[in-house]
Amino acid sequence: MLRKILHPGMYAPKIDLSLLIIRLLAGGVMLTHGIPKLQKLLAGPPVQFADPLGMGAETSIILAIFAEVFCALLIVLGLFTRLASLPLLSTMLIALFVVHWNDPFAKQELALIYGALYAILLLTGAGKYSLDNVIFQKQSK
C-alpha cells in the first residue's frame, strides 16, 4: 500500500483527477475576480478600470470579463478548455508583465500562479472528467 502511494508513476486516473482539481480551482477562483468586474460594468458609466494596452477602459474591462467570467466558466465545465485557457493566460501575462511589472513579487505572484495553471491546461487539455471528453469521445467513435 505504501509503495503504491509513494510510487512516482504517472497514472491516468491521477492525472485526470489532478486536472479536474486544477480546473475547478483555477476557473472557480477566477470567477471571484471576474464577477465584481461584471457588476462594475453593469452599474453603468463611467467605467473606472485600468487600461494597460491603451484600448480604453471600457474595452479593457470587457476583455477582462470575457476571460475571467465566460472563459473561467468554460474551464470549470471542462468545455473547450484549451481554447478557453488562452484568454485567461493572456490576461495573467498582461497582469504580470504590464499591470504589476513594477510591483513587488508578492503582488505579481498570483498572476504568475494563475498563468502557470492556465498554461498547464492549454498543454494538457481538460482530462477525462470534462465535457470536452464527453463531446470528443463521441465524435471519435
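Keep in mind it's a predicted model, so treat the numbers as computed, not measured. These values consider heavy atoms only, across backbone and side chains, with no hydrogens, waters or symmetry-generated copies.
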Go through the structure and list residues passing side chain to side chain contact (heavy atoms under 4.5 Å, CB included) with Leu96, not counting sequence neighbours.
Gln108, Ala111, Leu112
Please tell me if the side chains of Thr91 and Tyr114 come closer than 4.5 Å, counting only heavy atoms from C-beta onward.
no
Is there a side-chain contact between Ile61 and Lys40, using heavy atoms and a 4.5 Å cut-off?
yes
Partners passing side chain to side chain donor-acceptor pair (under 3.5 Å) against Thr81 (at least two apart in sequence or in another chain):
Asp132
CG-CD1 distance between Leu31 and Ile75, expressed to the nearest 0.5 angstrom:
10.5 Å
Using the ring-ring contact (aromatic ring centres under 6.0 Å, His included) rule, collect all pairs that involve residues 85-111, keeping only residues at least two apart or in two chains.
Phe97-Trp101
Same apolar cluster: Leu93 and Leu121, side chain cutoff 4.5 Å:
yes
Shared ILVMFWY cluster between Ile21 and Leu73, side chains joined below 4.5 angstrom?
no
Residue pairs passing the salt bridge (charged side-chain N to carboxylate O under 4.0 Å, His left out) test with at least one member in residues 46-70, sequence neighbours excluded, are Lys37-Glu68
Is there a side-chain contact between Thr59 and Leu63 (heavy atoms, below 4.5 Å)?
yes
Side-chain (Tyr118) to main-chain (Ile113) donor-acceptor, under 3.5 angstrom:
no
Rounded distance [0.5 Å steps], OG in Ser85 versus CG in Leu83:
7.5 Å
Can you run down the salt bridge (charged side-chain N to carboxylate O under 4.0 Å, His left out) pairs that involve residues 18-28, sequence neighbours left out, and say none if there aren't any?
none
Which atom pair, heavy atoms only, marks the closest approach of Leu74 to Ala84?
CB-CB, 3.8 Å
Distance check, rounded to the nearest 0.5 Å: Phe66 atom CZ versus Leu88 atom CG?
9.0 Å
If you group Ile, Leu, Val, Met, Phe, Trp and Tyr by side-chain heavy-atom gaps below 4.5 Å, do Val98 and Phe49 land in one group?
no
Hey, could you give me the CG/CG distance between Leu117 and Leu89, rounded to the nearest 0.5 Å?
10.5 Å
Given side chain to side chain contact (heavy atoms under 4.5 Å, CB included), test Leu19 with Lys128 step by step and report yes or no.
CA-CA 9 Å; Leu19 290 171; Lys128 181 179 176 181; over 6 Å; no
Looking only at heavy atoms, which two atoms of Gly34 and Ile65 are closest? And how far apart?
O-CG1, 4.4 Å
In this structure, would Leu41 and Ile35 fall into the same cluster of hydrophobic residues linked by side-chain contacts under 4.5 Å?
yes
Taking side chain as C-beta onward, heavy atoms only, is Leu79 less than 4.5 Å from Ile135?
yes
Side-chain (Ser130) to main-chain (Gly127) donor-acceptor, under 3.5 angstrom
yes
As an exercise, state the distance from CD1 of Ile120 to CD1 of Ile22, rounded to the nearest 0.5 Å.
5.0 Å
Measure the shortest side-chain to side-chain distance between Leu110 and His33 over non-hydrogen atoms and say whether it is less than 4.5 angstrom.
yes
State, yes or no, whether a side-chain contact exists between Ser60 and Pro52 at a heavy-atom distance under 4.5 Å.
yes
Could you give all pairs that pass the salt bridge (charged side-chain N to carboxylate O under 4.0 Å, His left out) test and reach residues 100-112, with sequence neighbours left out?
none
Can you confirm whether Phe80 is buried at CZ, in the sense that more than 12 heavy atoms of other residues, nucleotides or ligands lie under 6.0 Å from that atom?
no
Applying a strict under-4.5 Å side-chain criterion to I, L, V, M, F, W and Y, I'd like to know whether Leu17 and Leu24 cluster together.
yes
